[in-house]
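Report on the following structure.
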Amino acid sequence: NVYLLEQIAGDHPNDCILSEESSDVSDRLNANRVWIVDPLDGTREFSELDRTDWAVHVALWERDRGLTAGAVTLPALNQGFGTNPSATVPEAAGRPRRVVVSRSRPSQAARLVAEAIDAELVSMGSAGAKIMAVVRGEVDAYVHTGRQYEWDSAAPIAVAEAAGLHTSRVDGSPMIYNQPDSWLPDLIVCRSDEPISDQLKRKISGQCDVDQKNVINAADVKNIYELPLILHDEGLDTQICEVLKIDAPLDLTPWRQLV
């Protein structure tokens, strides 16, 4: 905790910090930038030498923007995940559905979700490790109701959102951070591989005044950087260039090489 606070303060002296291991200060509520830190998520698991499900969280919250950056490391696995570049969630083909739950206090809500989608329950410690299990493609969802604070989820949620996963409170409302009360007890993080139905595509195309064939499934885009290439391959980039008054055609060869 001391190391992280010193590094952040040295590079960003005007920013505020909310850390599990430090006293909370009200100044953060008026700050434009707040770092939300959990230097050791999964203390119980860390104390057991044979376990790897513990993590380190660092996230950045900015006023009017919410979470803008985050990083989660799993030191025992020598793995790290961030928002730039974002992680790519592997496909889940060939295995049963899985819902990860708390090792010490699995919620009834998670059990109900698992029953509803015919999924296996997988127990694990550390909120960060559980959300990274969804990011890594080991499980399909993490459903939690119970005891958590902003530092438990901020960085993992930022990483999950950047990877294209669904994140929300259990009632579907967004995860909101840097609140006067840092208590944030419930969440859902899950993959969404179900294609958009034709009926929903018709509604979207009608509302957006676009052809139905131009409505692309979010699940079709494994990485946001592939989106320009997908639009180009579908012949839609010319239309976009016309609207934005950009000369076309564009040479996407360097971009394709980058992706």
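Residue numbers count from 1 along this sequence.
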CD (E62) and OG1 (T68) are apart, to the nearest 0.5 Å, by 3.5 Å

Heavy atoms of V56 and P75 approach each other most closely as CG2-CG, 4.2 Å

Grouping ILVMFWY residues whenever side-chain heavy atoms fall under 4.5 Å, the cluster of L29 otherwise contains none

Q: Would you check if M132 and Q79 make a side-chain contact, meaning some heavy-atom pair closer than 4.5 Å?
A: no

| said: Same cluster or not: L74 versus V135, using hydrophobic residues (I, L, V, M, F, W, Y) connected whenever any side-chain heavy atoms lie under 4.5 Å apart? | reply: yes

Closest heavy-atom pair, V72 versus A55, reported as atoms and distance to 0.1 Å, is CG1-CB, 4.0 Å

Applying salt bridge (Lys or Arg N to Asp or Glu O under 4.0 Å) to R44 and not counting sequence neighbours gives E48

For residues 175-190, the salt bridge (Lys or Arg N to Asp or Glu O under 4.0 Å) pairs (sequence neighbours left out) are R169-D186

So CD of E138 and CE of M124: to nearest 0.5 Å the spacing works out to 5.5 Å

The complete set of side chain to side chain donor-acceptor pair (under 3.5 Å) pairs with one or both residues in residues 148-157, sequence neighbours excluded, reads Y142-Q148, S153-Y177

So the salt bridge (Lys or Arg N to Asp or Glu O under 4.0 Å) pairs with at least one residue in residues 9-26 (sequence neighbours excluded) are D15-R33, D24-R28

Same cluster or not: L184 versus L187, using hydrophobic residues (I, L, V, M, F, W, Y) connected whenever any side-chain heavy atoms lie under 4.5 Å apart? yes

When rounded to the nearest 0.5 Å, the distance separating CG of N1 from CD of E6 is 10.0 Å

Residue pairs passing the ring pair (Phe, Tyr, Trp, His ring centres under 6.0 Å) test with at least one member in residues 38-65, sequence neighbours excluded, are F46-W54

The salt bridge (Lys or Arg N to Asp or Glu O under 4.0 Å) partners of R63 (sequence neighbours excluded) come to none

Counting neighbours of CG on D118 that are heavy atoms of other residues, nucleotides or ligands and sit closer than 6.0 Å, is the number greater than 12?
no

Output for pair (M175 CE, I157 CD1), nearest 0.5 Å, gives 4.5 Å

For residues 11-36, the ring pair (Phe, Tyr, Trp, His ring centres under 6.0 Å) pairs (sequence neighbours left out) are H12-W35

Contacts of E161 meeting salt bridge (Lys or Arg N to Asp or Glu O under 4.0 Å) (sequence neighbours excluded), chain-then-number -> none

- State, yes or no, whether a side-chain contact exists between I131 and L165 at a heavy-atom distance under 4.5 Å. no

Within one Ile-Leu-Val-Met-Phe-Trp-Tyr cluster: L60 and Y3, side-chain cutoff 4.5 Å:
yes

Practice task
Would you kindly confirm whether L67 and I176 end up in one hydrophobic cluster when ILVMFWY residues are joined by side chain heavy atoms under 4.5 Å apart?
Solution key: no

Closest heavy-atom pair, R191 versus E91, reported as atoms and distance to 0.1 Å, is NH2-CA, 3.5 Å

Could you tell me whether the side chain of S22 reaches within less than 4.5 Å of the side chain of I17, counting heavy atoms only? no

**Report entry** Cluster link L4 to I36, ILVMFWY, side chain under 4.5 Å
**Finding:** no

Checklist line | Validation row: D140, R95 side chains within 4.5 angstrom (heavy atoms) | finding: yes

Students should find that the hydrophobic cluster of I188, defined by side-chain heavy atoms under 4.5 Å apart, otherwise consists of V99, V101, V113, I117, L121, V143, V170

Correct closest heavy-atom pair for S86 and A163 would be CB-N, 4.3 Å

Would you say the side chains of D41 and S126 form a donor-acceptor pair under 3.5 Å?
-> yes

Between L18 and S182 the two heavy atoms that sit nearest each other are CD2-CB, 4.4 Å

With sequence neighbours left out, the residues meeting side-chain hydrogen bond (donor to acceptor under 3.5 Å, both in side chains) with Q7 are none

Under a 4.5 Å cut-off applied to non-hydrogen side-chain atoms, are L5 and S19 in contact?
-> yes

dist E45:CD -> L40:CG (nearest 0.5 Å) comes out at 9.5 Å

Residues 120-133 vs salt bridge (Lys or Arg N to Asp or Glu O under 4.0 Å), sequence neighbours excluded, gives R98-E120

On a heavy-atom basis, the closest approach of G146 and P185 is O-CB, 2.7 Å

